Structure formats: C-alpha cells, structure tokens
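Let me begin by presenting the structure, written as structure tokens, before commenting on it.
Here is how names work: the chains are called A, B, and so on, in the same order as the sequence lines, proteins then strands, and each is numbered from 1. All values reported here derive from a predicted model rather than from experimental measurement.
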2 protein chains.
Amino acid sequence: MHDVFDALSHPIRRQVLELLKSGGKTAGELADNFLVSKPTMSGHFAKLKSAGLILGENRGGTIVYTLNMSTLEEAVMGFMGRMGISGEAQGDDVSEGEVA
Amino acid sequence: MHDVFDALSHPIRRQVLELLKSGGKTAGELADNFLVSKPTMSGHFAKLKSAGLILGENRGGTIVYTLNMSTLEEAVMGFMGRMGISGEAQGDDVSEGEVA
DNA sequence: TGGCTATTTAGCGTATTAGCTAAATAGCTA
DNA sequence: TAGCTATTTAGCTAATACGCTAAATAGCCA
C-alpha cells in the first residue's frame, strides 16, 4: 500500500499509468512521451512494477508493459473509502457532521 | 495536484488525514498518535498544509488542524476518474472496453 | 515580569530520489 | 559471427526527504 502511493508521487509515473489505460505499450513507446532519458524511464517503470501497478511481459527483445488496475484500485479507493469518500459526487454542501 | 500526491506518499501523513476525518485536532493531539518527535510531526503538518490538504487555525497558543476534504477529493478522484475508475464497486468483470 | 505549555524554526546527518552518460544484456537478422 | 535495436544496469552527482536535538516564538497565568 505504501509503495503504491510512493509510486504515484511522481508525475511521470502517474502519466505512464494514464498512457497504459488504453492498452499495453512497450518501454520505448512509453518513453517517447517524456523528455527524460530512457534509463530514467526504466527506473520509473521499475518502481511502478515493484509497487504492483504495472506488469512487464518480455516479448522477444521488447518489453510490453500493461496496467494492473486492481492494485491501483485497491490501494487508492481503499484509502479514499477510509476517508469517507466512496466516489459518489460530493458537492459543497455539508450533509453530515453538523458544525453547531 | 502534484503536491497532493507528494503529501500522500508518506504513511504518517495519510494517517493524519484519517485522524482528522472525525474532526479538528490540535498539533499535539495528532502528534501523540505517532512515535516520531513533535518537530518531525510539525514538518508533516507543514507539508499537508502546503498541499492544501489541511487548514491550521491558531486558537490561542494551540493550533487546530482540520481536514480540507475538497482538495483531497479533487486531486485523487480526478486522477482516478482519468484512469477510468469513478468509485463504483468494480469487480473482476469487464463491463466496458471489451478486449476482443 | 517570570514561568509554563504548545508549536515551530534552525541546523545537522543520513538515506533516498531523480536525473545523467556509458556500458552491459538480450533478442533478432543477415 | 557481426551488427542492429530495445532495454536495463552501473556508477556518478545533485537535490530532496526525514529524522533528531536545541533553541526560538507565542500565548496564557500568576
């Protein structure tokens, strides 16, 4: 759990997840979307992978990364649930916890 | 936005937010829940505050911190929305984005 | 004023993070 | 085997993060 939020703390890593939303992509394809070097991107992939947020499948020379949505969902929605937010729209009105 | 996820990356800070869910608490009350020193906790409060996740009200000598739920919600649910998760329970079935 | 409590700021040490270039590894193709 | 592409590992530097103790600040009370 801690590792998930740790992995999410870097904007490049969050954006990688968003890019993978539409399907698996190779390390090179993903890296092309950012200005940093490929070794730097490789480090980001490693962190996402060790947090369980992506999976890497070695398909002959190239590596295809895919999203592991369940880890993301479990960690983030779990925390938000504990915070009392289940995801339903929740405007400015105070529906509970009357102040006085 | 980046600062929010940055602030959420430390377990103590996430737990502080959970403690504030039930209402405002002083810096000292919050600090009592953790093993680290008060100056260390003060640093965590500062980070949460600069991310806009909590508000600090100086009430004569003591400082009462309160949760700023809207910032948390906007950043986290915004990201999750972009990931295609709106918060509704979402089991193992694939309800959209048919694979083939 | 003096003293007490609550909290932050200053200053320091160490660990981690993020970036780079250069080199290594792995698989393909000729 | 040689060469090409894709990706990671190694090794480095600089910046940031996190913890500590000691000291400063701010408000209260006698």
Side-chain angles (χ1 to χ4, degrees), chain A residues 1-20 23-68 71-72 75 79, chain B residues 1-20 23-68 71-72 75 79:
Chain A
M1 218 279 269
H2 173 256
D3 290 329
V4 170
F5 280 94
D6 222 55
L8 291 178
S9 73
H10 197 291
I12 285 184
R13 290 193 291 264
R14 286 197 301 277
Q15 220 173 321
V16 165
L17 296 180
E18 291 188 44
L19 287 169
L20 290 178
K25 288 184 176 50
T26 67
E29 282 171 344
L30 288 168
D32 286 345
N33 292 274
F34 303 91
L35 296 169
V36 301
S37 71
K38 280 170 201 260
T40 293
M41 287 306 295
S42 182
H44 286 308
F45 299 147
K47 201 159 233 173
L48 286 168
K49 201 164 133 187
S50 95
L53 288 168
I54 63 175
L55 301 169
E57 190 194 357
N58 200 321
R59 284 184 59 89
T62 75
I63 297 181
V64 175
Y65 284 112
T66 54
L67 199 53
N68 189 1
T71 300
L72 178 67
F79 169 68
Chain B
M1 217 277 269
H2 173 258
D3 290 327
V4 170
F5 279 94
D6 222 55
L8 292 178
S9 72
H10 197 290
I12 285 184
R13 290 192 292 263
R14 286 196 302 277
Q15 220 174 319
V16 166
L17 296 181
E18 291 188 45
L19 287 169
L20 290 179
K25 286 183 177 50
T26 68
E29 282 171 345
L30 288 168
D32 286 345
N33 292 274
F34 304 91
L35 295 169
V36 300
S37 71
K38 280 169 200 264
T40 293
M41 287 306 295
S42 181
H44 286 308
F45 300 146
K47 203 161 230 173
L48 286 167
K49 201 163 131 187
S50 96
L53 287 168
I54 64 176
L55 299 170
E57 189 195 355
N58 200 321
R59 284 184 59 90
T62 76
I63 296 182
V64 176
Y65 284 112
T66 53
L67 198 53
N68 189 2
T71 299
L72 177 67
F79 170 68

inquiry  = B:T71: which residues meet the side-chain hydrogen bond (donor to acceptor under 3.5 Å, both in side chains) condition with it, sequence neighbours left out?
reply    =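 With sequence neighbours excluded, B:T71 shows a side-chain hydrogen bond (donor to acceptor under 3.5 Å, both in side chains) to B:N68, given in chain and number order.
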State which residues pass side-chain hydrogen bond (donor to acceptor under 3.5 Å, both in side chains) with B:H44; sequence neighbours excluded, sorted by chain then number.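 B:H44 satisfies side-chain hydrogen bond (donor to acceptor under 3.5 Å, both in side chains) with B:R13 once adjacent residues are dropped.
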If you compare all heavy atoms of [X] against all heavy atoms of [Y], which two are closest, and at what distance to 0.1 Å?
X     : Y     : result
B:R14 : B:L8  : NH1-O, 2.6 Å
A:V4  : A:A51 : CG2-O, 3.8 Å
A:F5  : B:S9  : O-CB, 3.9 Å

Quiz prompt | Partner set under side-chain contact (heavy atoms from CB on, under 4.5 Å) for B:S37, not counting sequence neighbours | solution =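 So B:S37 forms a side-chain contact (heavy atoms from CB on, under 4.5 Å) with B:P39, B:T40.
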Pairing residues for B:L19 by the side-chain contact (heavy atoms from CB on, under 4.5 Å) criterion, not counting sequence neighbours: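 side-chain contact (heavy atoms from CB on, under 4.5 Å) check on B:L19 returns B:L30, B:N33, B:F34.
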5'-most contact on DNA chain C: A:I12 or B:G28, nearest heavy atom basis?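 The residue mapped nearer the 5' terminus is B:G28.
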Which residue pairs pass the salt bridge (charged side-chain N to carboxylate O under 4.0 Å, His left out) test with at least one member in residues 29-41 of chain A, sequence neighbours excluded?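 Sorted pair list: A:D32-A:K38.
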Any salt bridge (charged side-chain N to carboxylate O under 4.0 Å, His left out) involving residues 41-55 of chain B? Give me the pairs, sequence neighbours left out, ordered by first then second residue.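 Sorted result for residues 41-55 of chain B: empty, none.
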- Item | Of residues 52-62 of chain A, the positions that come close to DNA chain C - non-hydrogen atoms, cut-off under 4.0 Å |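 Close to the strand are A:G60, A:G61.
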- [ ] Using a cut-off of strictly less than 4.0 Å between a heavy atom of the residue and any atom of DNA chain C, enumerate the qualifying residues of residues 35-50 of chain A by number.
- [x]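 Nucleic-acid contacts, sorted: A:V36, A:S37, A:P39, A:T40, A:H44, A:K47.
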Open item on the list: Applying side chain to side chain donor-acceptor pair (under 3.5 Å) as the test, list every pair that has at least one member in residues 57-66 of chain A; sequence neighbours left out.
Closed with: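 Passing the test, one end in residues 57-66 of chain A: no pairs.
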Shoot me the first and last contacting nucleotide of DNA chain D against chain A, ordered 5' to 3', at under 4.0 angstrom to non-hydrogen atoms.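 Taking any atom under 4.0 Å from a heavy atom of chain A, the span is D:dA6 to D:dT9.
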Mind calculating the distance between CG (B:D6) and C1' (C:dT16) to the nearest angstrom?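 My rounded result for the distance is 13 Å.
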*When all nucleic acid strands are considered with a 4.0 Å heavy-atom cut-off, which category describes A:Y65: base, sugar-phosphate, or nothing?*
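A:Y65: backbone/sugar contact only, no base atoms under 4.0 Å.
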